[in-house]
Structure formats: C-alpha cells, structure tokens
Number of protein chains: 4
Amino acid sequence: MSQVADSKGSRARTATAKRQRLTAAAARVVHQQGVERTTIADIARAADVPVGNVYYYFKTKDDLVAAALSEHAHGLQTLTTRLDRLPDPRQRLKGLVAAWVGERELAARYGCPTGTLASELGKRDEGGLAEEAGKVIRLLLDWAGHQFRQLGLPDPDGLALTLVSAYQGMSLLANALREPGVMTREGRRLTDWLDSLPDPRD
Amino acid sequence: MSQVADSKGSRARTATAKRQRLTAAAARVVHQQGVERTTIADIARAADVPVGNVYYYFKTKDDLVAAALSEHAHGLQTLTTRLDRLPDPRQRLKGLVAAWVGERELAARYGCPTGTLASELGKRDEGGLAEEAGKVIRLLLDWAGHQFRQLGLPDPDGLALTLVSAYQGMSLLANALREPGVMTREGRRLTDWLDSLPDPRD
Amino acid sequence: MSQVADSKGSRARTATAKRQRLTAAAARVVHQQGVERTTIADIARAADVPVGNVYYYFKTKDDLVAAALSEHAHGLQTLTTRLDRLPDPRQRLKGLVAAWVGERELAARYGCPTGTLASELGKRDEGGLAEEAGKVIRLLLDWAGHQFRQLGLPDPDGLALTLVSAYQGMSLLANALREPGVMTREGRRLTDWLDSLPDPRD
Amino acid sequence: MSQVADSKGSRARTATAKRQRLTAAAARVVHQQGVERTTIADIARAADVPVGNVYYYFKTKDDLVAAALSEHAHGLQTLTTRLDRLPDPRQRLKGLVAAWVGERELAARYGCPTGTLASELGKRDEGGLAEEAGKVIRLLLDWAGHQFRQLGLPDPDGLALTLVSAYQGMSLLANALREPGVMTREGRRLTDWLDSLPDPRD
DNA sequence: TATGAATGAGCATTCATTCAT
DNA sequence: CATGAATGAATGCTCATTCAT
C-alpha cells in the first residue's frame, strides 16, 4: 500500500517536477535570450522535456513567459522573506542592495531578470503580460515602501521608487557597458544613502 | 548636361532622403515595437519605401538596427549641442533632466529608446550590436561626466554614472508601471540633487 | 460469489455503458463538427471519458467514426422498425418523410448525419469508411425499395433512389442556405408525390 | 520599347497566371480531398509553386478555399452563359441537367464540388466561408428560377429549389454508392420532368 | 537603382496514438 | 481496465533575404 502511495506520489511528483523544471528553464532561458529570441524548443531542451510535451503543461508560449515571470516573483519573495528576519528595516534594505550587488555578474551579462522582461513586454499592445511584469516590479516597490514606512520616513513610497529605480538603472548600465563594477559602485552609493537617512524613531 | 547633373543630383538626393527616411522609421518603429517584433516590412511601410528597395540601403536587418541606434546617437548629440550653449554646466545638466521629463509620455509608453534597445540587444551573443548600443550610452555618460568635471566636482564620471543610471531606472519604471508621473517625480529629485551639489569653483 | 458476479456484471455493464457513451458522443459530435475537425479529446469530453481510456474501446479514430456510422444506422433501423408497424407501405413512406421534416432544424444546422458523413468520407482513398457510409445509405434505400415493391409499383428501387436522393438534396440545401423551410417545402412535395403514385393493388 | 512592354507584361502575366494556377489547383485538390485533408503544401505542389510563395497571393488557407469557391462560381457562370445562348428556357434547363450527367464520373468519385464544399464548411461556426458556399449555390438557384419564370410557370423559385436539390441529392448518392449510373438515371428522370411541365405560353 | 515576386528555413501549435503505473 | 502523461510527426504561417526584370 505504501508502494502504491509512493508510486502515485512519484507520478504526481514527476509531473509537478516537470512543470517546475519547465518554469525554471523558462525563467532562465528567457532571461538570457529575451522573450522573442527564445523558442519553445529552447526551453524544452533546457528542461529536458520533449517539445510536444510542453503544451501539456502550458497552453501557449505566453503562458510559459507568465510562468517565468511568477518564477521571478517567487524568487523575489524568497529573498524578501529572508530579509524580513533581520530586525531593522534599514538593515533589510541594505541587505536587498547587497543581494543586488551579489548578482552583479548576472546583471552585467543579462540585466535584471524582471526589468529586462518588463522592458521587452512593455512594447506589446495585448496579452496582458506587460501588466503582469509591472505587478512583479510593484511587489518590490511595495516591500521597499513598507521598510521605509517602518523607518518612519516621510514619503516612503517615493523613497522606494527611488531605490528600485536606481536598481533598474544600475542593472541596465552594467549590462549595456558589460561592467559588473557598475553594480558595485552604485550599490555602495545606495548603501551610503540608506545609512544617511535619519531614523525619526530615535 | 545640366539636366543630367540635375538628374543625378536629384537622384542622389532622393537616395539620401530615402536612406534617411528608412533610418528615422527604423528608430521610431523599433522603439515602439522592439527589435524582434519589428519586421523589415514594418520599417519599409513606415518609411514609404518598397520592401525590395530597403536592401539597397541596408544589407541586413541588423544594419537597420545599427542605423536606428546612430539615429538615437544623433538625436542625443543634437540635444547636448543645444545644451552646450548654456553658460553653466549645472544648468546644462538640469536642462538634460528637463528634456528627459519632457519626454515622459513617450518614456511611459515605450521606455528610453536607447535603454530599451540596449536591453534587448544585450541578450545577444554576436553581431556587435550590443557593443554599439553601449557606445551610445557612453556618449551620454561622457557628456555628463564632462559637465561634472567642469563643475570641479570629485569623481565626475561616477556622478555621471549615477545620473544616467537614474534616468534609465526612472524610464524603465515609468514604462513598467505605465506612469509618466514617475518621470516627473524622479526628475525633480535629480534636479534637487544637482542643485545640492557644491560648486568648488566658488 | 454473488458479489464477484455483481462486480463483474457491473464492471461489464459499466464498460458497455462507456462504449455506448463514446459511440453516441462520436455520432453527435462528428455530425456537428465533421470528422476532421473533431478530435478524440472532443469525443472523450462529450462522453465524459478520460482520453487515455478511449483506446480500450476503439483502437483508432477511424474506429470511432465507424461506430458513429453504425450509431446512425441503428437510429435508422429504430425509425424503420417503428414505421413498419404502420399497415400501409405508402403510410410508412410518408411517415419517413415526416420524420425527415421533423428534424429540419438539425438538418438546417448540420445537414443529414449520414449524408454529410458519406460526403466527407467519400474523399478518402483508403480505410473503407467510405464504403461503410455507403452501406448505411443503402440500408435506407433497401427499406424504401421494399415499401415501393410492396405497393406493387414498377422499378421500386429506382423510386427509392429518387426518394432518398431528394432527402439528401433537400438536407444539403437546407444546410447550405441555413433554411429549415427547405425541408418543409420539399417534404410536402415528396408527400404529394407519394400520394400521387397509383396503387396497382387496387 | 515593345520589348520593355512585353517584359513588364510578362511579369504581370506570370504573377496573374500563378495566382490563377493556385486558384485552380485549390479548386481541384479541395474537391478531391476536402478542405481539412488538404494542406497548403498539397495545393502548392499541384500548382507547382513553392510553399512559402503561396502566402504572397493568399494570406490564409481560408482565403485559398474562398478562391476555390469562386473558381467554382466562375465555372458555373461559364456554363450558364453558354446555356443562355439556347433559345428556349426549357432547353437551357435540360442542358444544365445534361451537363450534370456529363460530369457523372467526377461526381461519383468526389461529389458535387460546390455541394461537398458547402457540406464541409457548413459545420463551421466562424469564418464566413459557409455563407460564401451558400452564395454559390444560390447563384445556381437564381439562374434556374429565372428559367422557370421565363417559362411562365407558377412558383419558379420552388421549382428551382426542387431541381437543384435533386442535383445535390443525386450527386451525393452517386458519390456515396460510387455509382455514376445514379447520375444517368436521375438525370433522365429530371429531363422527363422538365419535358412534362406545361408551357403556359402556348 | 527600383520593385514586385520568390524562396526556404524556422516557429508555435495540434493531435492521434502510446506508455507507465 | 483506468488514467494522466508522453511523444513526435504534421501543419499553417512568418520573415529575412534574394532574384528577375
């Protein structure tokens, strides 16, 4: 009986695992090649799944892109959840910046996953994927805004906008110039800026 | 004979005009649709040039994209040349920011022309177009760096990086959120920042 | 033991029921969508049977189409059996025409089930399904010929051909023009014709 | 100069000829294989045109089917135009029947081109092709109705309906039974019927 | 040079059929 | 028998690029 359970479980696990593999592969490959230059076959190969089988899990290519987007959203939430364990909002924000700088090589090669995706999808008229990308970025804005608010600073959402905007800008420049150093330098500037903000709670 | 000369001249002029029309159309359409979603036919139509004729002016699609890039570079130089007439470097930099904010509607709809192009081309492995996009951005960096240097500020190139990075970031966010207001808000912040910088020459 | 028997019986009954559901669904869906536009999944869904299970009852899609054909043949036999209870052959034939007219809405929307099936299958080179469709139509021809023969009319098979041909023609036109009225009008004409035939037995 | 004219004319003629070849091939192949079983490649091969080139002349497969339909409409008009030269409406109608019987081999193999097309397209919900097929059949109805009207007979449109309906029915049966003889027999019956109609003009 | 037409490789998607459990 | 999942061959369609005139 446990054998049957295992068997069924394994099947379910396999199916779920495959969907997850496809999602992860889509996130990765789309980040590296862009939406339009990525073929379903590329993703299938990266996930080690037969092409025809992809459509069992995702009805269209856009569905796969949407999955890639939520994969990035998920990664973002994993990060913020970890940062939330830090006691101080300022530390959390600085931790966020540190995480960005930690990804500098990837950013210099392919840009910010969410930002470049939003940039490419933003040129579309239909499909709703552009809105979806906007939502993921808003997730980050909201979290950062929450931290600034906890710090008791005025205009916390504006500060969040400045922070995330800086991140997108430095990622784009690092990528355009192929210089990870941009991330380091601007990251340091952001950290200094965060340190310089007063803590009205004192 | 003068007729022949006229004819040739007119033809040459026509040819140049056609090339220019194609270049301008490429810059515009690619900005709106992205490189991959833009077909040669799209550009030909926008330039009112027969499809088969495009290849007399541009050997490949990439050549057209390169032309779009230099069109943007040219637009940038037109802008900086105009700003250069202002007597004060700080005024010039604030004029640059004002120009960015002036384009907020376009930025909210399609992002920064150069930035989104660099973002899309950055995912390529070959062709050299990514480098080309980097060069256009460097043009902007260099000009801004020059202004900061004239102001006598330390690390002028770093300041330029921060400024351009902020521009790219705010354009991307304005685009992702479809909110021109982002440009206004961040533009004001940049202006304040520029005003806050000391002028060591005093 | 009775439990086992019940179980088997129930299972067998279930299996038969499933087969029947699939057959009925195939007949219905294929009539509505045509053979080529109907997928196995369409039929499985209409029969509320899991896709993978279909192949335990029908080896191929063509087998399902054959089943749809015999379902129509069965419906035809149910009809003629009922008509056979009428005492007079002429009444039976007029009853047949009345039945056709009674289905005018369906005919105007999807044509005659057997006729449209024969039409579509008639374009095939192989598989024998075209012949199968011919047989179903021959069933109708034979029954009608039998009635005309009982009426003692000369060339009963020719009369049957005329009658069935008229039915196929009016169904096709009703369908092509999307006008159920064609069935009514031509049905009345056929009834008048049947009434006008002499009864040599008098 | 005539050379230039010829040259241009030849190009135009070639292009037009290719479109015509594709249209004719579509009409033929679709008649033989049905819409759904016919691939663009089939038609391209039959017309001796590279597959990719088909789309220069027809945007979609449905456009090709529409072209096949109008090809049949054109053939029908050629026929009726020829028949119109006959002095007597009754002769014209009998000529129509004779033409149908003359095509008995084709009808027995593939059915009536327009009828089978209408039958297959009638199962569609969208695209408007079903309506288009209906129009072609209506062309025939109108012409026949006109003849009956000229004969001074009551309910000429009803008579036309009966005539065309008979044609569709006999074509379908000849096809389903694979018996050209059906066309001959029913054709004779129709001719007799036409002869039996009174001529109120006498 | 100018231009409509030609070409063929590539891509997203569908679907009948089979497999593993 | 039951079932979700797997498989791969087709198919319609697009598009950069080339050709013929």
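Chain naming here is simple, since letters A, B, ... match the order of the sequence lines and numbering starts at 1 in each.
The side chain of A:V51 lies closest to E:dT13 when the candidates are E:dT13, F:dG4, E:dA16. Ranking E:dT13, F:dC1, F:dC15 by closeness to the A:T60 side chain, first place goes to E:dT13. Each of E:dA6, E:dC15, F:dA2 was ranked by its minimum atom distance to the side chain of D:K18; first place goes to E:dA6. Taking the side chain of A:Y56 as heavy atoms from C-beta on, and the options F:dA5, E:dA2, F:dG12, the nearest nucleotide is F:dA5.
Not one side-chain nitrogen or oxygen of B:Y55 sits closer than 4.0 Å to the OP1 or OP2 atom of F:dC19. Side-chain N/O atoms of B:N53 include one lying less than 4.0 angstrom from OP1 or OP2 on E:dT3.
Residue order along DNA chain F, read from the 5' end via each residue's closest nucleotide, puts D:R37 first among D:R37 and B:I40. Where B:K61 and A:V49 each meet DNA chain F at their nearest nucleotide, the meeting point lying more 5' is that of A:V49.
The nucleotide F:dC15 finds its pairing partner in E:dG8, both defining distances of the Watson-Crick or G-U wobble pair being shorter than 3.5 Å. When Watson-Crick and G-U wobble pairs are counted only if both distances are under 3.5 Å, F:dA20 pairs with E:dT3.
To the nearest 0.5 angstrom, C:R19 atom CZ is 15.0 Å from C:Y56 atom OH.
Using a 4.0 Å cut-off between charged side-chain N and carboxylate O, D:K18 and D:D48 make no salt bridge. Ion pair D:E131/D:R124 not flagged as a salt bridge, since none of the NZ, NE, NH1 or NH2 atoms sits closer than 4.0 Å to an Asp/Glu carboxylate oxygen.
In this structure, OH of B:Y57 is placed 20 Å from P of F:dA16, rounded to the nearest angstrom. Taking atom CD of B:Q33 as the reference point, atom C1' of F:dC15 lies 14 Å away to the nearest angstrom.
D:K123 and C:T116 form a side-chain donor-acceptor contact under 3.5 Å, judged by distance and modelled atom types alone.
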